[in-house]
S.K.: 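For reference, the structure I am asking about is given below.
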Amino acid sequence: MCLSARFWSAAGVRDDAVSELLAWYDRERRDLPWRRTRDPYAILVSEVMLQQTRVEAVIPYYLRFLERFPDVGALASATLDSVYEMWAGLGYYRRARNLQATAQAVVSLGGFPLVLQDLPGVGEYTAAALASIAFGRPAVALDGNALRVWSRYFAYEGAVMSVAARRFFTERVLGLIPADRAGDFTQAVMELGARVCLARQPRCLVCPLQSGCAALARGLTESIPKPSVKARREKVALCALRIFCGDRVLLERRERDPFLAGQWVTPWFFEPFSQVGPDYLARFPGGEPRRVGTVSHGVTFRDLTIEVWEWETSRESCDEEQRWAGLDARLPRLASLVLELA
DNA sequence: TAATCGTGGTA
DNA sequence: TTACCAAGATT
């Protein structure tokens with residue numbers, strides 16, 4: 001790096017980088033629902049929903065959720081079931097429980113704590129995003145977008161997820177944040193990662209940071225950030241049960257099962273029907289079980305093939321302790337697939 | 001640190 | 001069809 005020192009900060013960032021970035025953001029920013037509010041609660045909801053989830057998928061959930069729970073008090077006092085219901089289909093259901101626990105903590109404390117990371121479901125990234133976007137405090141929010149942007153800008157060739165990498169970026173970026181635009185800075189970096197500094201085929205020609213980007217200068221934009229080695233998807237066969245009582249179907253909630261935690265789903269198992277069928281037939285006696293077919297569904301590192309069986313149980317088994325849902329219930333995708341199977 | 005948790009989109 | 005992955009947190 002032999003360029004004239006007066007154009008570069010000690011951290012290796014060009015003097016004009018921040019103003020170029022913010023000007024680009026002012027010009028190109030998408031009109032997203034959570035960019036129309038300064039309510040910390042609403043911004044928290046958006047940040048939690050956006051964890052590992054695409055913007056387009058979040059928008060309808062965000063709007064419905066805020067309509068149902070318009071403020072932190074409404075969410076804190078809601079039933080957990082109603083919170084799950086609003087989350088059904090969005091995935092990573094632990095987020096729903098943690099979000100309500102956070103709402104209850106905020107009500108109990110009389111406001112957001114100074115250390116946002118103390119809140120359930122609020123990790124390093126979300127705490128920094130909330131601090132900057134909702135409270136205007138300088139904080140470096142390192143999500144997948146920001147890690148890609150900064151690893152390329154500094155040509156960081158190590159593993160970007162490591163503690164060392166995050167410290168490296170935080171040290172260099174924290175001082176760049178304009179005091180009056182901390183939230184815009186955070187969102188501008190992420191917007192840049194989402195729309196310009198793409199994982200594959202980044203659009204460097206239109207990038208507001210192109211003149212200072214070390215990876216671009218050295219032709220490393222394809223090899224940085226270094227791709228992580230991911231486990232192969234494992235193929236898993238399992239079975240699910242559709243047990244009908246008239247026009248309603250049995251749903252269960254297995255609290256202790258980390259998978260689909262707390263969600264209402266049709267009974268399903270990692271074992272074949274021959275192992276679990278007799279047990280359930282004894283509990284819900286009725287007609288002969290019938291193999292309906294199979295459905296496929298990918299979940300993180302597994303490809304599930306689900307063999308679906310169904311039967312009609314006798315009326316006296318339809319007690320009040322079980323939940324018998326109508327077919328129009330809002331359910332996780334996996335349960336919907338099982339019920340939709342013709 | 002590494003595994004785990006859903007879903008839907010894309011190349 | 002397959003692999004990858006998108007505003008991560010938790011254990």
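Here is the naming used below: chain letters follow the sequence lines, and residue numbers restart at 1 for every chain.
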S.K.: Please tabulate, one pair per line, all N/O donor-acceptor pairs under 3.5 Å involving side-chain atoms of residues 63-81 of chain A, not counting sequence neighbours.
M.R.:
unit_1, atom_1, unit_2, atom_2, d
A/Asp71, OD1, A/Gly73, N, 3.1
A/Asp71, OD1, A/Ala74, N, 2.9
A/Ser77, OG, A/Gly73, O, 3.0
A/Thr79, OG1, A/Ser82, N, 3.1
A/Thr79, OG1, A/Ser82, OG, 3.2
A/Asp81, OD1, A/Arg253, NH1, 2.5
A/Asp81, OD1, A/Trp264, NE1, 3.1

S.K.: Using 30° and 60° as the class limits, which term best fits the ring planes of A/Trp324 and A/Phe284: parallel, tilted or perpendicular?
M.R.: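 A/Trp324 vs A/Phe284 ring planes: perpendicular.
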S.K.: For A/Trp87 and B/dC5, give me the distance from atom CH2 to atom C1', rounded to whole Å.
M.R.: 13 Å
S.K.: Would you check if the distance from the ring center of A/Tyr280 to the ring center of A/Phe269 is below 6.0 Å?
M.R.: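 Centroid separation for A/Tyr280 and A/Phe269: below 6.0 Å.
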S.K.: Just how far, in rounded Å, is P of B/dT7 from CZ of A/Arg302?
M.R.: 13 Å
S.K.: Just how far, in rounded Å, is P of B/dG6 from CD of A/Glu56?
M.R.: 21 Å
S.K.: Using whole Å, what does the distance between atom P of nucleotide B/dG6 and atom CE of A/Met86 come to?
M.R.: 19 Å
S.K.: For A/Phe301, which residues count as a ring pair (Phe, Tyr, Trp, His ring centres under 6.0 Å) partner, sequence neighbours excluded?
M.R.: none
S.K.: In residues 88-104 of chain A, which residues come under 4.0 Å of DNA chain C by heavy atom?
M.R.: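 Nucleic-acid contacts, sorted: A/Tyr92, A/Arg94.
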S.K.: For A/Ile224, which fellow cluster members are found when Ile, Leu, Val, Met, Phe, Trp and Tyr are connected by side-chain heavy-atom distances below 4.5 angstrom, either directly or through intermediates?
M.R.: A/Leu220
S.K.: Suppose we screen for salt bridge (Lys or Arg N to Asp or Glu O under 4.0 Å). Which residues come up paired with A/Glu157, at least two apart in sequence or across chains?
M.R.: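 By the salt bridge (Lys or Arg N to Asp or Glu O under 4.0 Å) rule, A/Glu157 matches A/Arg218.
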S.K.: Where along residues 330-338 of chain A does a heavy atom come under 4.0 Å from DNA chain B, residue by residue in number order?
M.R.: A/Pro332, A/Arg333, A/Leu334
S.K.: Residues of residues 119-147 of chain A with any non-hydrogen atom less than 4.0 angstrom from an atom of DNA chain C: list those, numerically ordered, please.
M.R.: A/Pro120, A/Gly121, A/Val122, A/Gly123, A/Glu124, A/Tyr125, A/Thr126, A/Asp143, A/Gly144, A/Asn145
S.K.: Could you tell me the separation between the OG1 atom of A/Thr300 and the CD atom of A/Gln52, rounded to the nearest 0.5 Å?
M.R.: 9.5 Å
S.K.: Taking the six-membered ring for Trp, is the centroid-to-centroid distance between A/Phe112 and A/Phe135 below 6.0 Å?
M.R.: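 Between A/Phe135 and A/Phe112, which both carry aromatic rings, the centre distance is below 6.0 Å.
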S.K.: Nearest whole Å is fine: how far is B/dT4 C1' from A/Phe270 CZ?
M.R.: 11 Å
S.K.: Restricting to pairs with a member in residues 175-186 of chain A, which pass side chain to side chain donor-acceptor pair (under 3.5 Å), not counting sequence neighbours?
M.R.: A/Asp26-A/Arg181, A/Ser132-A/Thr186, A/Arg181-A/Asp184
S.K.: What residues from residues 47-55 of chain A pass a heavy-atom cutoff of under 4.0 Å to DNA chain B?
M.R.: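 Result for residues 47-55 of chain A: A/Gln52, A/Thr53, A/Arg54, sorted by number.
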S.K.: When you measure from every atom of DNA chain C, which of residues 194-203 of chain A have a heavy atom less than 4.0 Å away?
M.R.: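 Nucleic-acid contacts, sorted: A/Ala194, A/Ala199.
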S.K.: Out of curiosity, A/Leu119 CG to A/Leu44 CG, how far, rounded to the nearest 0.5 Å?
M.R.: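 Output value for this atom pair is 7.5 Å.
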S.K.: A/Met190 has an atom CE; how far is it from atom P of C/dG8, in whole Å?
M.R.: 9 Å
S.K.: Please list, in numerical order, the residues of residues 22-35 of chain A that have a heavy atom closer than 4.0 Å to any atom of DNA chain C.
M.R.: A/Leu32, A/Trp34, A/Arg35
S.K.: Would you please confirm or rule out a distance under 4.0 Å between OP1 or OP2 of B/dG6 and any side-chain N or O of A/His297?
M.R.: no
S.K.: A/Tyr156 and A/Phe168: aromatic ring centres closer than 6.0 Å?
M.R.: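 Centroid distance A/Tyr156-A/Phe168: below 6.0 Å, so yes.
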S.K.: Ring pair (Phe, Tyr, Trp, His ring centres under 6.0 Å) for A/Tyr61 and A/Trp87? Distances and angles first, verdict last.
M.R.: CA-CA 7 Å; A/Tyr61 281 88; A/Trp87 208 274; 7.7 Å; no
S.K.: Can a side-chain donor-acceptor contact be found between A/Thr266 and A/Glu252 if the only test is distance below 3.5 angstrom?
M.R.: no
S.K.: Which atom pair, heavy atoms only, marks the closest approach of A/Pro332 to A/Ala88?
M.R.: N-CB, 4.0 Å
S.K.: May I have the distance from A/Asp303 (atom CG) to B/dT7 (atom C1'), rounded to whole angstrom?
M.R.: 13 Å
S.K.: What distance do A/Leu304 atom CG and A/Glu234 atom CD have between them, rounded to the nearest 0.5 Å?
M.R.: 9.0 Å
S.K.: Tell me whether A/Arg137 contacts the main-chain N or O of A/Gly183 through its side chain, where contact means a donor paired with an acceptor under 3.5 Å.
M.R.: no
S.K.: For A/Tyr41, what residues pass the ring pair (Phe, Tyr, Trp, His ring centres under 6.0 Å) criterion, not counting sequence neighbours?
M.R.: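 In terms of ring pair (Phe, Tyr, Trp, His ring centres under 6.0 Å), with neighbours along the sequence ignored, A/Tyr41 is linked to no residue.
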S.K.: Could you state the atom-to-atom distance from CD1 of A/Ile59 to P of B/dG9 in whole Å?
M.R.: 13 Å
S.K.: Please say which of A/Leu209, A/Val206, A/Leu192 ends up in a side-chain contact (heavy atoms from CB on, under 4.5 Å) with A/Trp24.
M.R.: A/Leu192
S.K.: At their closest point, which heavy atom of A/Leu334 faces which heavy atom of A/His297, and how far apart are they?
M.R.: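 That would be CD1-CD2, 3.5 Å.
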